[in-house]
Asker: 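Sending over a structure as structure tokens; questions will come in a sec.
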Amino acid sequence: MRRRPGIGGLQTAAAARDQYRLLGENVAKLRTDLMKEQLATFRSQLEEFARKHKNDIRKNPSFRSQFHEMCAKVGVDPLASNKGFWAELLGIGDFYYELGVQIVEICLATRSLNGGLIDLQELCKLLRQKRKHDREAVSEDDCLRAISKLKTLGSGFEVISAGKKKLVRSVPTELKKDHNEILELAQAQGYVTVDEVERRLSWTHGRAIDSLDTLLEEGLAMIDDGHRDGKRRYWFPCVSSISSFGV
Amino acid sequence: MSNFFSKAEVTSSVRPVFLRNEVECHLLSGVDVEPEDYQFSPLKSGILILTTHRLLWLSSSSATTPTSASSIPLAAISHIFSSKKSLKSVFHSPRIRFQVLVSSDGRVFDPGSGSGSSIGSGSRSVVVTAVVRGKGDCDGFLVKFWDSWRARAWESNETSGSGSGTGSGLASGSGAGTGTGGGLYSTDGSVRMVGVAGILRKEQEMWESTDKSLQDAFQDLNALMSKAKEMVMLAEKMRQKLLSGTSSQTSGTNDEEMGSKEEMQDWLLSVGIISPVTKESAGALYHQQLSRQLADFVKTPLERAGGMINLIDAYCLFNRARGTELISPDDMLQACSLWEKFDVPVMLRKFDSGVMVIQNKSHSDEEVFARIKSLATKPEALRNGISPTDAAMTLGIAPAMAKEHLLTAESKGFLCRDISPDGFRFYINLFPEIDPSNIYFVKDYGICSTWIKAVSTSG
């Protein structure tokens, strides 16, 4: 392209740029068409898979969790959107979102009893009772996935591990490590005393009182001053089964 | 604006108002509606929505206010042309052609108008073309168009029209249905079981088929996943293009670029990859429509809850209302984040604690603070303070929201907190009234004196 001086040169350069741009757009268009084709092929493959194995996914929790693991490895999120192929063809979208809504309802209903912290197994049990008309089995893994999706909506839905148990938190409280250790301690008998905390965890008096008071404020602990030895006990409804309180 | 089409009602969030039993079937963007051998001013560049009863066209350009919406009742359509796959059609944008009955006064025949304009000898039919310039699925739309037109949903006014028909009438699958619906229940609602023998037999069958099919299933799963991996890599390339496309020059072809960006977002979503809403793009078309739908839905719960509602509560309410085809939490979040781009009367707000709420734009913080202040200066409140539950009852909002408001008021300096084993209580802030150089001096007209009076009467 011979460079010409003056206006003519500028015009030629502009024309050349335009031509290159058009070429680039055409190449891009080709790639878009390729993507469209790939998508259609993928979709038909997924349809084939769904036709054969949709029931397996619905009925078999271990297959389902295997499916999720593989999706995660590849980097797709089958629960990302209701509009995705996964939700549409395999029907797992509705299953998990419905589960999510039910979990929220259960947490709301039990909040007055346990302050917003509920044991995962307890949650699963209540969930199964609620869903006893549906014949699809719900495993703990399913609950965990539904809850991890709920996290995006704020309001503090999260799963924390305290010792052997997994607890589901449904209030936006900041639970620090100290609190977790107290919860772990409480799993033995359902309650702790200040002395026990100081002794077993080797904390100072102030630290123990501070953590216990925070837990009390948030409604996760209840005070029991009625024992003969006069020591104050802090009970934690969340680490023991609700049904054991005769509710 | 031409008087050719009937006017369609829209809500304040630019979503169409549906008739009773009307269900949305399909949607195309970037559509022009032009006449073929009749004169009416063409409709340019809008969204074409197919429902079980009508064809709706919404203008998508924000330049024309009020946004115009037109509708053609499916009853007025006399013929739909099948798409001709000629050499010419490869180069043009896909077109949908159909014939519409025109009454004697030059407008589209409206069966609901009851003006007596019958399909007598006086009316003619006119061919209308919808040119699809966006990159939507035209063939799928055409198929659904045929189905909806043949199903004649507008003729069955009595009893349930939508979807799960009990045999009569809508047996031809009007497309707008509940899909496969699972095999648990038969059409009249009873569970498909024939006694104990049936259950046992089913269990046995399940056992036998499980082992074998599971092996197949795992093999198929592996094959599927390798294909998915390819898709993901391709999608990543596309996404890079999306991101880099915004930084390159934006001359001229903005509409076309925006259309293709939306399409790409839709595709990424289908495969299962979320792309966040950026400043330039408005995300997938699906999320845009969802966003408007949500804005309409959330109005009633907001009023009931006093102007502010927890995001997670809204999510549960919305999904419960939908019944089937529930949306994911990510969908909800994307839809709500899009509100700041559209002109809707609601907004998403995030508090420091991480709680996210939906609130009315007109709902101001000042008003709430004024109410809290008046609550906090009552005699009982001066003595005992207010707890979140008291505030919740007075303000008519949820206790969690009330607590957020009280904390915000505290950070603004109106209230002071008092932490005790009973929990949080808030008192009116008296410190600003106290003059540091003369701390015992009490102004007669201030809140301090009111407080002293109130406290001293309790003894």
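On a predicted model such as this, the values are computed, not experimentally measured, just so you know.
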Asker: Tell me, for B/M225 versus chain A, whether the close heavy atoms (under 4.5 Å) come from the side chain, the backbone, both or neither.
Answerer: both
Asker: Shortest non-hydrogen contact from A/L79 to B/D330?
Answerer: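 Shortest heavy-atom separation between A/L79 and B/D330 comes out as O-OD2, 4.4 Å.
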Asker: Kindly compute the distance separating CG (A/L216) from CD1 (B/I419), expressed to the nearest 0.5 Å.
Answerer: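 Those atoms lie 12.0 Å apart.
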Asker: I'd like to verify something: which residue of B/D331, B/N222, B/V357, B/L333 has the highest number of heavy-atom pairs under 4.5 Å with chain A?
Answerer: B/D331
Asker: Given heavy-atom pairs under 4.5 angstrom as the criterion, report whether the side chain, backbone, both or neither of B/D220 touches chain A.
Answerer: both
Asker: Side chain from CB out, backbone as N, CA, C, O: work out which of these in A/E48 comes under 4.5 Å of a heavy atom of chain B, or both, or neither.
Answerer: neither
Asker: Drop me the distance from B/M332's CE to A/K149's NZ, to the nearest 0.5 angstrom.
Answerer: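 The NZ atom of A/K149 is 14.5 Å from CE of B/M332, to the nearest 0.5 Å.
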Asker: Look up atom CZ in B/R320 and atom CD in A/Q102, then write down how far apart they are to the nearest 0.5 Å.
Answerer: 6.0 Å
Asker: Side chain, backbone, both or neither: which part of A/L46 has a heavy atom under 4.5 Å from chain B?
Answerer: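 Contact with chain B involves both backbone and side-chain atoms of A/L46.
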Asker: Could you walk me through whether A/V104 and B/Y315 pass the side chain to side chain contact (heavy atoms under 4.5 Å, CB included) test, one step at a time?
Answerer: CA-CA 10 Å; A/V104 171; B/Y315 172 72; 5.9 Å; no
Asker: I want to check something: taking the side chain as every heavy atom from C-beta on, are A/L153 and B/M356 in contact at a cut-off of under 4.5 Å?
Answerer: no
Asker: Should B/L221 and A/F49 count as side-chain neighbours, where that means a heavy-atom distance under 4.5 Å?
Answerer: yes
Asker: Do the non-hydrogen side-chain atoms of A/T152 and B/P329 ever get within less than 4.5 Å of each other?
Answerer: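 A side-chain contact under 4.5 Å exists here.
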Asker: I'd like to verify something: which residue of A/Y96, A/F67, A/F63 has the highest number of heavy-atom pairs under 4.5 Å with chain B?
Answerer: A/F63
Asker: To the nearest 0.5 Å, tell me how far A/D94 CG sits from B/S328 OG.
Answerer: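 The CG atom of A/D94 sits 11.0 Å away from the OG atom of B/S328.
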Asker: Would you say B/K229 has more than 12 foreign heavy atoms packed within less than 6.0 Å of its NZ?
Answerer: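 No - once you tally the heavy atoms of other residues, nucleotides and ligands closer than 6.0 Å, there are 12 at most.
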